[in-house]
Amino acid sequence: MRLDTEYGLNLRRRATGIPVARTAILGAPSAWNRETMKAMKKFLASAGAAAVSFVSSAAFAAQPEPWQTRFQPAVTDIMRQTTWFEQYTLWFIVPITLLVLVLLAYCIWKFRESANPVPSRTSHNTLIEVIWTIGPVIVLLFIAVPSFQLLTAQYTPPEEPALTLKATGNQWNWDYEYQIEEPLSFNSAMLPDTPEDRKAAGKEDRAAYPRLLAVDNEVVVPVNTTVRVLVTASDVMHAFAMPAFGIKTDAVPGRINEVWFKAEKEGLYYGQCSELCGKDHAFMPIAIRVVTDEQYNTWLTAAKADLAGANRALMAAIDGANKVASAGN
C-alpha cells in the first residue's frame, strides 16, 4: 500500500510540474516487477516439475496413446525389424496405389462413352500382359526376401532363453508360471478402476497404470534377458500379444505355442488378448514389467512368500530410482 501511495503522489507531482527523481517514479514499478518475476519463477518451477513428472511417468509405461497411428516404441530387436519392414513395404504400396488410381482415372476419362462411342475389340496385348506379370513378380521378390528373414528371426532366438514362462489364457485373465527350480505361479487380472482398489494396489497414477490396461500382478522379467513364453489356454482361444515387443501368438486349448523376446529397456509394457474370446475379451490385459537383474532377483525371492508385498516393494524401489534420476537431471 505504501508503494502504491508514493507512486500515485509522484505521478501527481509530475502532472503539476514538480520535479521528481527518476528513481522515485520507477520505484513502484520496479518493486512490482520484482514481485512479478518471483511469482513467474515459482510458476515456471512448478510447471517444470509437472513436466518432468509427466515425462517420467509417460516414459515409464509403453501403452496406446490417443490418436496413435504408428507402432509403439520398439524395445526389442524383433520389433525394430518389424517397424523397418512396415516402412520398407510402404515404398511399394504407396507408388502402386497411386499408379492404379492414375490408370483408373485415365481409363474413365479416355474411354468414356461420349468420347469413345465405338469401343475397341482388342482382347489382349502381349507387351502389357508381360509387364503386368513380371512387374508384380519382381515386387513380390523384393518384399519376400526381408519378410522371410524377419519370419525366421521371430522363431529363432539368438541364444538359449535364460527364463521360461508359461502363460495360460482364461476367460478373462491370465495364469503365469515361472518355470524355474522352485516354480512361481500367480494369476493376473485387470485392476478394478475404483479409487479404493487403486489405492490398495498402490497404482493411483493413471499415466503409468491406465484404465483397462493395468493389472493386479504384472509379469516381472530382467532387462537384456532372452525370455521364452509358452502360451496355451484353458477354455477357448485367446492370444498373447505385446506390441512393444513385437510378439503375438494364439493361445489354443490343448496346444502350446512358443514365442520369445529380449527387452532392451526397463519399463512397464502393456498388451491385450487379441483373439475374440467372449464378452469380456476387451478386459483381458497383459502387463510385463522389465527391471534390472538385481530388482528381479529381489522380487523373485520375496514373491515366493508374499507376491503382493513383493510387488509393492518393487514399485517402491522403481519409484525411488525414478525420483533420484529426475533430481539428478
Side-chain angles (χ1 to χ4, degrees), residues 43-44 46-98 100-101 143 147 150 154 172 174 188-195 197-198 201 203-216 218-219 238-250 259 261 263-290 315 318-319 322 325-326 329:
F43 172 77
L44 293 175
S46 62
V52 170
S53 175
F54 174 78
V55 171
S56 62
S57 63
F60 178 73
Q63 56 187 270
E65 300 292 340
W67 300 100
Q68 183 176 2
T69 58
R70 304 296 299 164
F71 294 131
Q72 293 183 20
V75 293
T76 66
D77 183 60
I78 290 296
M79 189 58 198
R80 277 197 300 273
Q81 294 184 48
T82 302
T83 302
W84 174 88
F85 182 69
E86 184 262 350
Q87 296 170 347
Y88 172 76
T89 55
L90 286 178
W91 287 99
F92 298 94
I93 295 173
V94 173
I96 291 173
T97 302
L98 294 177
V100 172
L101 180 62
I143 295 177
S147 174
L150 176 58
Q154 288 177 328
W172 288 268
W174 293 91
S188 179
M190 186 180 70
L191 181 68
D193 193 41
T194 63
D197 289 309
R198 283 184 171 274
K203 299 177 179 179
E204 299 172 279
D205 183 2
R206 292 177 179 269
Y209 305 100
R211 175 177 174 270
L212 302 183
L213 288 176
V215 300
D216 52 1
E218 296 93 4
V219 174
H238 301 277
F240 189 89
M242 183 60 59
F245 294 175
I247 60 174
K248 177 180 177 181
T249 190
D250 283 338
V259 292
F261 64 87
E264 301 171 351
K265 184 179 179 181
E266 299 171 36
L268 183 55
Y269 304 96
Y270 292 105
Q272 289 177 298
C273 172
S274 300
E275 192 76 58
L276 190 58
C277 58
K279 70 179 184 67
D280 285 345
H281 160 68
F283 311 109
M284 194 173 168
I286 303 167
I288 298 180
R289 192 188 293 274
V290 181
M315 288 190 295
I318 293 173
D319 290 342
N322 289 340
S326 298
N329 292 335

How about P210 and Y270: do any of their side-chain heavy atoms sit closer than 4.5 Å? yes
Distance-minimising heavy-atom pair for H238 and W174: CB-CH2, 4.2 Å
Verify side chain to side chain contact (heavy atoms under 4.5 Å, CB included) between V259 and T249, making sure each step is shown before the conclusion. CA-CA 7 Å; V259 292; T249 190; 3.6 Å; yes
Do you know the tightest heavy-atom contact between A239 and I286? O-CD1, 4.4 Å
Within a strict 4.5 Å, meaning less than it, do heavy atoms of the I318 and E266 side chains meet? no
Given side chain to side chain contact (heavy atoms under 4.5 Å, CB included), test V219 with R289 step by step and report yes or no. CA-CA 6 Å; V219 174; R289 192 188 293 274; over 6 Å; no
Report yes if some heavy atom in the side chain of S188 is under 4.5 Å from a heavy atom in the side chain of E218; otherwise report no. no
Would you please name every residue forming a side chain to side chain contact (heavy atoms under 4.5 Å, CB included) with Q272, sequence neighbours left out? L213
For T82, give me all partners under side chain to side chain contact (heavy atoms under 4.5 Å, CB included), at least two apart in sequence or on another chain. I78, M79, L150, Q154
Can you name the side-chain hydrogen bond (donor to acceptor under 3.5 Å, both in side chains) partners of E204, sequence neighbours left out? none
Looking at residues at least two apart in the chain, or sitting in another chain, which of them share a side-chain hydrogen bond (donor to acceptor under 3.5 Å, both in side chains) with E264? R80
With sequence neighbours left out, which residue pairs that include part of residues 275-284 fulfil the side chain to side chain donor-acceptor pair (under 3.5 Å) condition? none
P73 to A244 - nearest heavy-atom pair and separation: O-CB, 3.8 Å
If I compare all heavy atoms of A208 with all of L268, which pair ends up nearest, and what's the gap? O-CD2, 3.7 Å
To the nearest 0.5 Å, tell me how far Q81 CD sits from T76 OG1. 8.5 Å
Where is the tightest heavy-atom contact between R198 and D205, given as atom of each residue plus distance? NH1-O, 4.4 Å
Qualifying residues under side chain to side chain contact (heavy atoms under 4.5 Å, CB included), relative to A189, sequence neighbours excluded: N173, N187, D216
Under the ring-ring contact (aromatic ring centres under 6.0 Å, His included) test, residues paired with F261 that sit two or more places apart: F245
Just to verify, what does T194 make a side-chain hydrogen bond (donor to acceptor under 3.5 Å, both in side chains) with, not counting sequence neighbours? D197
Report yes if the side chains of K203 and M315 come closer than 4.5 Å at any heavy-atom pair, otherwise no. yes
Tell me the closest heavy-atom pair linking M190 and P285, and the distance in Å. CB-CD, 3.7 Å
Spacing of D250 atom CG and C273 atom SG [to the nearest 0.5 Å]: 9.0 Å
Can you measure from OH (Y269) to CD (Q72) and round to the nearest 0.5 angstrom? 10.0 Å
Residues 89-96, side-chain donor-acceptor partners within the protein, below 3.5 Å, at least two apart:
residue : atom : partner : partner atom : Å
T89     : OG1  : F85     : O            : 3.2
T89     : OG1  : E86     : O            : 2.8

